[in-house]
Amino acid sequence: MKDNSINEEIELQRPLDKGLLKALQQQPMDPLVHNFSFRTMQRIKKEERQRAHRTKVTEIVLMAFVSFLGIAFIVVMAGNSLKEIGKSLSNLQLFESLSAHPLVTVTLICCLVFLGGMNFFLENVFRKR
């Protein structure tokens, strides 16, 4: 019973399908410009460049924001200690202060390692692009 209803439905749709096919055949086909694929590829490459530029700008802004947050955190957490170290450093010579304050030496070494690592990472990331 179901097979008959499906067959009847198909038979009812055939004249409609033929009418659509005939209407499509009567439509004029506009030819594509001779360099359609070249223009399309140019547009795609331009969009990719714009997307890459937006991504790069976003990465730079986020890196600056995270760096600022890190510095702010250090200042908030160790502000008093940094003030004391600054006061004591103003009274001492440079090399004597480094040996007298191991916290300053460790902080400088950590900062240099961090900045060196960030330099290495950013050079590798931006060199690939």
Side-chain angles (χ1 to χ4, degrees):
M1 210 177 230
K2 286 187 179 181
D3 291 333
N4 289 339
S5 64
I6 293 174
N7 287 335
E8 290 173 7
E9 204 171 304
I10 291 173
E11 289 299 324
L12 289 174
Q13 293 293 325
R14 279 194 186 168
L16 184 61
D17 290 343
K18 288 180 183 177
L20 287 173
L21 185 60
K22 191 179 216 182
L24 282 174
Q25 288 174 347
Q26 291 174 354
Q27 290 281 337
M29 284 291 290
D30 291 332
L32 295 175
V33 293
H34 71 282
N35 59 352
F36 173 77
S37 58
F38 175 74
R39 288 184 181 185
T40 304
M41 288 306 295
Q42 271 188 330
R43 197 174 311 128
I44 291 170
K45 287 178 183 177
K46 181 180 177 184
E47 289 174 5
E48 283 294 319
R49 282 192 304 267
Q50 289 173 344
R51 186 178 302 129
H53 179 71
R54 283 192 301 263
T55 303
K56 187 186 297 185
V57 168
T58 304
E59 288 174 353
I60 291 170
V61 168
L62 285 176
M63 292 289 277
F65 181 70
V66 168
S67 298
F68 174 76
L69 284 179
I71 292 170
F73 179 76
I74 290 172
V75 167
V76 167
M77 296 305 286
N80 293 332
S81 299
L82 292 174
K83 286 180 186 177
E84 291 175 13
I85 291 171
K87 288 178 184 176
S88 64
L89 285 178
S90 64
N91 298 330
L92 300 173
Q93 294 178 357
L94 178 64
F95 294 110
E96 291 176 11
S97 66
L98 289 177
S99 62
H101 297 286
L103 179 62
V104 173
T105 307
V106 170
T107 304
L108 287 174
I109 290 172
C110 289
C111 288
L112 288 174
V113 168
F114 173 76
L115 292 174
M118 288 302 295
N119 182 38
F120 177 77
F121 171 75
L122 291 174
E123 279 183 359
N124 286 336
V125 167
F126 290 115
R127 187 178 298 141
K128 291 178 184 175
R129 293 183 181 176

A.B. asks: Hydrophobic cluster mates of Ile71, side-chain heavy atoms under 4.5 angstrom, ILVMFWY only, any path?
C.D. replies: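 Other cluster members: Val75.
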A.B. asks: Applying side-chain contact (heavy atoms from CB on, under 4.5 Å), can you list everything that pairs with Ile60, at least two apart in sequence or on another chain?
C.D. replies: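 side-chain contact (heavy atoms from CB on, under 4.5 Å) list for Ile60, sorted by chain: Lys56, Phe126.
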A.B. asks: Return the set of residues passing salt bridge (Lys or Arg N to Asp or Glu O under 4.0 Å) with Glu48 (not counting sequence neighbours), or none when no residue passes.
C.D. replies: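 Glu48 satisfies salt bridge (Lys or Arg N to Asp or Glu O under 4.0 Å) with Arg51 only.
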A.B. asks: If you measure from CD1 on Ile74 to SG on Cys110, what distance do you get to the nearest 0.5 Å?
C.D. replies: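 SG of Cys110 is found 9.0 Å from CD1 of Ile74.
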A.B. asks: Is Val57 isolated, or which residues cluster with it under the ILVMFWY side-chain rule of less than 4.5 Å, directly or via members?
C.D. replies: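 Result for Val57 is Val61.
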A.B. asks: Residues in side-chain contact (heavy atoms from CB on, under 4.5 Å) with Phe73, at least two apart?
C.D. replies: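 Only Met77 meet the side-chain contact (heavy atoms from CB on, under 4.5 Å) criterion with Phe73.
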A.B. asks: With salt bridge (charged side-chain N to carboxylate O under 4.0 Å, His left out) as the rule and sequence neighbours excluded, what pairs involving residues 106-123 come up?
C.D. replies: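 Residue pairs passing salt bridge (charged side-chain N to carboxylate O under 4.0 Å, His left out), neighbours aside: Glu123-Arg127.
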A.B. asks: My understanding is that a hydrophobic cluster links ILVMFWY residues whose side chain heavy atoms are under 4.5 Å apart, including indirect links. Using that, what else belongs to the cluster containing Ile109?
C.D. replies: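 Grouped by the 4.5 Å side-chain rule, Val113 form the rest of the cluster around Ile109.
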A.B. asks: What's in the same ILVMFWY side-chain cluster as Phe68, cut-off under 4.5 Å, chained through other members?
C.D. replies: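 Members besides Phe68: none; it forms no cluster.
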A.B. asks: Scan for salt bridge (charged side-chain N to carboxylate O under 4.0 Å, His left out) pairs involving residues 60-72, sequence neighbours excluded, and state none if there are none.
C.D. replies: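 Those involving residues 60-72 do not exist here.
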A.B. asks: List in chain and number order the residues that pass side-chain contact (heavy atoms from CB on, under 4.5 Å) with Ile44, two or more places apart in sequence or in another chain; answer none if no residue qualifies.
C.D. replies: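 Here the qualifying residues are Thr40, Met41.
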A.B. asks: State the OG1-NE2 distance between Thr58 and His53, to the nearest 0.5 angstrom.
C.D. replies: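 Between Thr58 OG1 and His53 NE2, I get 9.5 Å after rounding to 0.5 Å.
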A.B. asks: How would you list, by chain and number, every residue that makes a side-chain contact (heavy atoms from CB on, under 4.5 Å) with Leu112, sequence neighbours excluded?
C.D. replies: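 Residues passing side-chain contact (heavy atoms from CB on, under 4.5 Å) with Leu112: none at all.
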